[in-house]
Amino acid sequence: DFPLVLGNAENALTGPNKIVLSTELAEKYFGSASAAMGRQLMYDGAIPLEVSGVLGAIPEQSHFHIRALISFATLRGLGQGMRNTMEKNWIWNPNWTYILLAEGVVPEELEREFPRFIEKYYPDFIKKQVTHYLQPLTTIHLTSQLDYEIEPNSNEANLYIFAAIGLFILLIACINFTNLATARSANRAREVGVRKTIGAHRGQLIRQFLSESILMSLFAVGLAFVFVEALIPLFNHLAGKSLDAHVLISPLFLGGMLGLGVLVGIVAGLYPAFFLSAFQPATVLKGRSRAGLTGKLLRKGLVVLQFVISLVLIISTATIFRQFYFMREADLGFQKAQVLVIPTKPVMVPKMKLFKDELLAHAQISHVTTMNEVLGVHHNVHEYNYEGMDQGQWQYYPSLLVDEDFVEAFGLKLVAGRNFSRSFPRDDSLAVIVNEAMVRHMNWGSPEAALNQRFYTPSGRERIVGVVQDFNIVSLREKIRPFVLDITHPHHQSFFTKNVAVRLAPGDPADALAHIEAAWQEVAPAHPFEYSFLSSQIDQLYKAENRLGGLVAYFSLLAILIACSGLFALATFTAEQRTQEIGIRKVLGASAAGIVRLLATDFLLLIFIAIPIAWGLAGLSLNAWLQGFAYRTTPGYGIYGLSALLLLLIGLLTVIFQTAKASYTDPAKALRTE
């Protein structure tokens, strides 16, 4: 149900040679959406496509975003090979299939038909390797991590992380409110005594104090809306999202926030309400109200909880950044720095040797190679018949189709056998190289034992000529799997020669880029020159972790600031309560440093109690998060120790600032009221 602003959704893509454009492309090529209708675009200078529709805006929540759609029937005109693929072959990777079920159909009913479907249409050799199942559209973006996702997905775990941080921040704020309300209970004790004396019962007082807490919370909700409105652009920049402020005024969101405000008010005010309403009039009106042991223990316990949360957030932030750094800097088993990736065009294939020779003429270019997918980012799978399999049977393995220069260009390490070579033209059209994981998978014992093993493909009777050291074929979230490097068959070069990789010498690439672009204009003047650096493409695989680390850092800082503000206020109030004690100690000769040490010790002791608790909780949660990566770092003792030291320093500075101020108070002023 993508919206069409022009055209008929029923027939816009029925029949060959039709294209639906986004509004952006329609305006780019034809000036306006209406002017584009019925006009033609040439695909690769060879296939005429008629504009049969113009798309409206694709919702941001879509799990893929398109700029153009070409009718599938157009593929039938690309030759007999493509027609056979479409009409006879049920195995084609770059093909996402969406099914809209009829009203009332239960998905499981359709899934029960799939085994019969496979038995009827699939060739015998593949039937046991294939399983079909349905995937709900709404689960793709957050929970699907399959090969060949149409766009990089997000991770459901990240939502839980942010939700947990939000709850932690609210909890810290509630703790501050509870601590300060109970700490300052003496200021309202006489009010409670007077109200009870003139007939107020405890239930009325509880309702009063809870109402005050709820009203304060709802006032905070209103302020929060103002801040969110102002900070949405910054959040969108940090998170890579495009949230709009209009969601804030939707009835569902408004109702939810008001409900949350009431809930937070109740949670924060519940204990103070019961605590204050329990005062006895006879006691408090004589001025003898004291918080008591229970109130002090509760406040200390809540302060410990605040700093447990703060320390867990500090450790989590450091670990996320360390994991991202590990993935970005890890040895992937191949050369990724200074490698340029250039998407090719079919028109270039007959001139590929000329193009490569021209590039290699530049002093800063050391290697040039071709590949059907980008190493370390994506791969395809191809069918193979290995030693021990019956003829006509096939097994699919992850593969790259490359040329003779690939192994050397990417610095792959041969552990047995030889590289592809132009010195063996007949042999190397029928030769493959595998990785060590394939040797283990096949139980061959050693790389040397794998050499000359049969590894046929539909192209011919191929054999293994070399074994390379394992390298990461995709992101570090996945373990290294059996992998095959195969030479692109001459008959398939126009289809599988999709990328040229150029390895540059260290230094400023500007001159080499200008040389490459000039060579491009010689072989493909009708196509724009595009390129990217391989290291940047690989970094994009970890964009979610990078953003996660940044957002967790900001939210952690906010949580720590809130915790410290509460600690500061509590230290201030404690110093006020002990004003006379401080004055007496100074009269008796106590130094300012001694008084600071006396007042700060209690608070620092609470932080020391929080540290081991936070270490245990952080270890459990981070180990669970790191399990999502096949290759991962470990938080290490350094992160735990430095995080505890940072928290201790923050707490110490917070308390010392206020206690030092109290320690320098003139004793005469402190004792004036005695």
Side-chain angles (χ1 to χ4, degrees), residues 159-185 187-188 191 205-236 238-239 241 243-277 295 298-299 301-303 305-310 312-313 551-573 650 654 658:
L159 291 184
Y160 293 128
I161 289 172
F162 291 129
I165 292 173
L167 288 174
F168 285 158
I169 291 173
L170 272 179
L171 182 58
I172 289 173
C174 290
I175 289 171
N176 282 348
F177 183 87
T178 301
N179 273 342
L180 294 176
T182 54
R184 299 184 68 87
S185 59
N187 294 348
R188 302 197 69 177
E191 175 193 346
L205 293 172
I206 289 173
R207 285 194 295 273
Q208 176 199 334
F209 293 132
L210 277 178
S211 297
E212 291 174 3
S213 174
I214 291 169
L215 284 172
M216 187 180 295
S217 181
L218 290 176
F219 181 69
V221 169
L223 284 179
F225 272 91
V226 176
F227 281 111
V228 169
E229 175 79 28
L231 294 174
I232 272 183
L234 176 61
F235 176 82
N236 285 340
L238 294 173
K241 303 296 181 185
L243 298 179
D244 197 325
H246 79 272
V247 301
L248 301 179
I249 58 175
S250 69
L252 183 65
F253 189 83
L254 283 173
M257 288 302 98
L258 289 174
L260 182 62
V262 172
L263 178 64
V264 170
I266 292 172
V267 170
L270 201 59
Y271 180 79
F274 278 91
F275 179 78
L276 291 170
S277 64
L298 176 69
R299 285 199 298 277
L302 292 176
V303 169
L305 180 58
Q306 277 188 320
F307 283 100
V308 166
I309 293 171
S310 299
V312 167
L313 290 175
L551 287 171
V552 169
Y554 284 112
F555 287 129
S556 299
L557 179 62
L558 177 61
I560 292 165
L561 286 174
I562 294 172
C564 287
S565 68
L567 184 64
F568 181 83
L570 206 56
T572 302
F573 186 74
I650 292 170
T654 302
Q658 185 55 41

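Here the structure is a predicted model, which means the values were calculated and not measured. No hydrogens, no waters, no symmetry mates; every other heavy atom, side chains included, goes into these values.
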Indicate every side-chain donor-acceptor pair of residues 213-234 with a distance under 3.5 Å to a residue at least two apart or in another chain.
residue	atom	partner	partner atom	Å
S213	OG	G265	O	2.5
S213	OG	G269	N	3.4
S217	OG	G261	O	2.6

Name every donor-acceptor pair, under 3.5 Å, that has one atom in a side chain of residues 161-176 and the other anywhere in the protein, sequence neighbours excluded.
residue	atom	partner	partner atom	Å
N176	OD1	Q306	NE2	2.3
N176	ND2	I562	O	2.8

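A distance of 10.5 Å separates CG of L258 from CZ of F253, quoted to the nearest 0.5 Å. Annotation: the span from I560 atom CD1 to S565 atom OG amounts to 12.0 Å, rounded to 0.5 Å. Between the CG atom of L551 and the OG atom of S556 there is a distance of 10.0 Å, given to the nearest 0.5 Å.
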